[in-house]
Trainee: 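My questions all concern the structure below.
Bear in mind that the values here come from a model prediction, so they are computed numbers and not experimental data.
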Amino acid sequence: MSIGVPTYNGVETIAECLRCLQEQSFEDFEVFISDNGSTDGTSDVCAAFAKPDRRFHHFRSAETVPAAVNFTSARDLTNTPYFMWRADDDLTDGEHLERMVNALDRSPAAAVAVSPVLRITEYPTYQRKMYEPPSLSDETEVGRIRSLLLGCHPSWIYGLWRREPLVRSWDMVSAQYPYLWAADHLVLMFADP
């Protein structure tokens with residue numbers, strides 16, 4: 001599997017994010033960091049991770065491009081059957097990758113495996129909120145669309161994908177909807193194995 005990390009000026013969080021990946025129980029992966037021309041020291045942190053660990057690769061763009069283009073660049077640096085994006089401020093427990101791979105292996109009809117998301121915010125006040133994956137048991141297309149659009153956390157775009165459904169859905173949405181805002185929900189809605 002491959003992990004694409006699109007980043008821009010994430011120096012405050014990127015080291016912890018990458019360390020979290022280094023410490024996963026599942027070790028058969030590569031990380032492709034797509035640095036979108038960072039100017040805050042992010043590039044130095046990423047290069048430092050890539051130097052001693054052959055699983056980590058750092059690519060720095062000479063200029064800043066739109067975020068959706070950087071996401072596509074991170075994806076296109078890879079070619080493995082399983083792929084996930086990783087936000088430069090996301091953390092997971094040490095068995096996250098192993099559980100996601102096992103979930104896809106057990107469900108050949110699934111396009112993506114997602115996990116619950118614990119969102120922690122500190123502004124304006126400290127809050128913790130858990131988001132469970134939506135139930136897609138409604139067999140009607142309208143019910144499925146409602147569940148995905150209203151019950152989906154944007155972080156589920158960072159689930160573990162089968163490459164082909166992600167490429168089809170992301171490229172279709174990107175071509176017809178050129179905004180990153182809400183593209184995550186659309187990509188999830190139009191993904192099929």
Trainee: Regarding S25 and E95, is there a side-chain donor-to-acceptor distance under 3.5 Å anywhere?
Mentor: no
Trainee: Report yes if the side chains of L118 and K129 come closer than 4.5 Å at any heavy-atom pair, otherwise no.
Mentor: no
Trainee: Taking T80 for its side chain and Y82 for its backbone only, find out whether a donor-acceptor pair lies under 3.5 Å.
Mentor: yes
Trainee: With heavy-atom distances below 4.5 Å as the criterion, would you say the side chains of I33 and L18 are in contact?
Mentor: yes
Trainee: Is it true that R55 and D28 have a side-chain N and a carboxylate O under 4.0 angstrom from each other?
Mentor: no
Trainee: Is it true that Q24 and H96 share a donor-acceptor pair across their side chains at a distance under 3.5 Å?
Mentor: no
Trainee: Are the side chains of L104 and M100 in contact, using a 4.5 Å heavy-atom criterion?
Mentor: no
Trainee: Tell me, do F83 and R75 make a side-chain contact under 4.5 Å, heavy atoms counted?
Mentor: yes
Trainee: If we only count heavy atoms from C-beta on, is the T7 to N36 side-chain gap below 4.5 Å?
Mentor: no
Trainee: Do W170 and W161 have ring centroids that are under 6.0 Å from one another?
Mentor: no
Trainee: Compute whether any side-chain donor of one residue and acceptor of the other, for S34 and N70, lie under 3.5 angstrom apart.
Mentor: yes
Trainee: Strictly by modelled atom types, are T92 and R86 linked by a side-chain donor-acceptor pair under 3.5 Å?
Mentor: yes
Trainee: Quick one, I14 and F49 - any side-chain contact, counting heavy atoms below 4.5 Å?
Mentor: no
Trainee: Is a side-chain N or O of D40 found less than 3.5 angstrom from the main chain of V11, in a donor-acceptor match?
Mentor: yes
Trainee: Rounded to the nearest 0.5 Å, what separation is found between the CH2 atom of W85 and the OG1 atom of T78?
Mentor: 9.5 Å
Trainee: Does a side-chain heavy-atom distance below 4.5 Å link M1 with V101?
Mentor: yes
Trainee: Please verify the inter-ring angle class for F32 with F59; under 30° counts as parallel, over 60° as perpendicular, anything in between as tilted.
Mentor: parallel
Trainee: Does CD belonging to Q22 count more than 12 external heavy atoms closer than 6.0 Å?
Mentor: yes
Trainee: Looking only at non-hydrogen atoms, find the nearest pair between V117 and S155 and report the distance.
Mentor: CG2-CB, 3.8 Å
Trainee: Could you give the distance from CG (L21) to CD (E27), rounded to the nearest 0.5 Å?
Mentor: 12.5 Å
Trainee: Roughly how far apart are D93 CG and C20 SG, rounded to 0.5 Å?
Mentor: 7.5 Å
Trainee: With a 4.5 Å cut-off on side-chain heavy atoms, are R162 and P81 touching?
Mentor: no
Trainee: Between atom CE of M84 and atom CG of L97, what is the distance when rounded to the nearest 0.5 Å?
Mentor: 5.5 Å
Trainee: State whether the number of non-hydrogen atoms from other residues, nucleotides or ligands found under 6.0 Å of E12 atom CD is greater than 12.
Mentor: no
